[in-house]
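Predicted model only: the values in this text are computed from it and were never measured. Numbering of residues begins at 1 and proceeds along the displayed sequence.
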Amino acid sequence: DFHPFGGHFVAPIYKVSTALDNDPLDIEYGILPDNLQMVLGSIMNQSDCTAVIGTQLLETFDCTIAWSQKIISWQRVKK
């Protein structure tokens, strides 16, 4: 993987059964290296964020964000 703050990195990956609106799927979750955890951890704590959305989720679902309505909606991509 690659991150602009930390360059190229390898992260341990774990496949976890996950449900989004009762729609089950297996998603791979990774643990960031220590240097990225330090940088992103402080930014995430300041913004009350607890996770980073990975590309696998965005390949499976279309995400629509309506900032003015404070709504995030997900729709499974049709194959």
Side-chain angles (χ1 to χ4, degrees):
D1 246 327
F2 178 83
H3 193 280
F5 293 140
H8 291 280
F9 66 92
V10 176
I13 302 293
Y14 303 91
K15 189 172 280 194
V16 179
S17 184
T18 306
L20 186 57
D21 195 25
N22 295 320
D23 195 358
L25 65 150
D26 288 332
I27 294 182
E28 294 176 346
Y29 293 86
I31 298 174
L32 292 174
D34 290 341
N35 62 335
L36 284 178
Q37 283 186 31
M38 286 179 24
V39 172
L40 293 178
S42 62
I43 294 168
M44 291 170 67
N45 285 337
Q46 291 174 18
S47 63
D48 239 2
C49 181
T50 58
V52 177
I53 296 174
T55 57
Q56 186 181 20
L57 186 61
L58 296 173
E59 290 170 349
T60 308
F61 290 90
D62 286 330
C63 177
T64 304
I65 302 173
W67 293 112
S68 61
Q69 299 172 0
K70 298 182 180 179
I71 295 173
I72 300 175
S73 61
W74 299 88
Q75 176 97 24
R76 187 181 271 278
V77 174
K78 295 180 182 175
K79 295 180 181 180

Problem set entry | Candidate pair Leu25 and Thr60, rule side chain to side chain contact (heavy atoms under 4.5 Å, CB included), full reasoning | CA-CA 9 Å; Leu25 65 150; Thr60 308; 3.9 Å; yes
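Here CD of Gln75 is found 9.0 Å from CZ of Phe61. Values are rounded to the nearest 0.5 Å. How far NE2 of His8 is from CZ of Phe2: 5.5 Å, rounded to the nearest 0.5 Å.
Across all their heavy atoms, Cys63 and Trp74 have their closest contact at CB-CZ3, 3.6 Å.
Here the side chain of Thr18 pairs a donor or acceptor atom with the backbone of Val16 at under 3.5 angstrom. When atom types are taken as modelled, the side chain of Asp23 and the backbone of Ala19 share no donor-acceptor pair closer than 3.5 angstrom. With hydrogens and angles ignored, the 3.5 Å screen pairs no side-chain donor or acceptor of Gln56 with any backbone N or O of Ile27.
Within the 4.5 Å cutoff, the side chain of Pro33 has heavy atoms near those of the Leu36 side chain. With contacts defined as side-chain heavy-atom distances shorter than 4.5 Å, the pair Phe9/Leu32 qualifies.
Cluster annotation: Leu57 is connected to Ile65 through the hydrophobic network of ILVMFWY side chains, with a link wherever side-chain heavy atoms come within less than 4.5 Å. In the hydrophobic clustering of this structure, Ile31 does not group with Met38; members are Ile, Leu, Val, Met, Phe, Trp, Tyr whose side-chain heavy atoms approach within less than 4.5 Å, directly or through other members.
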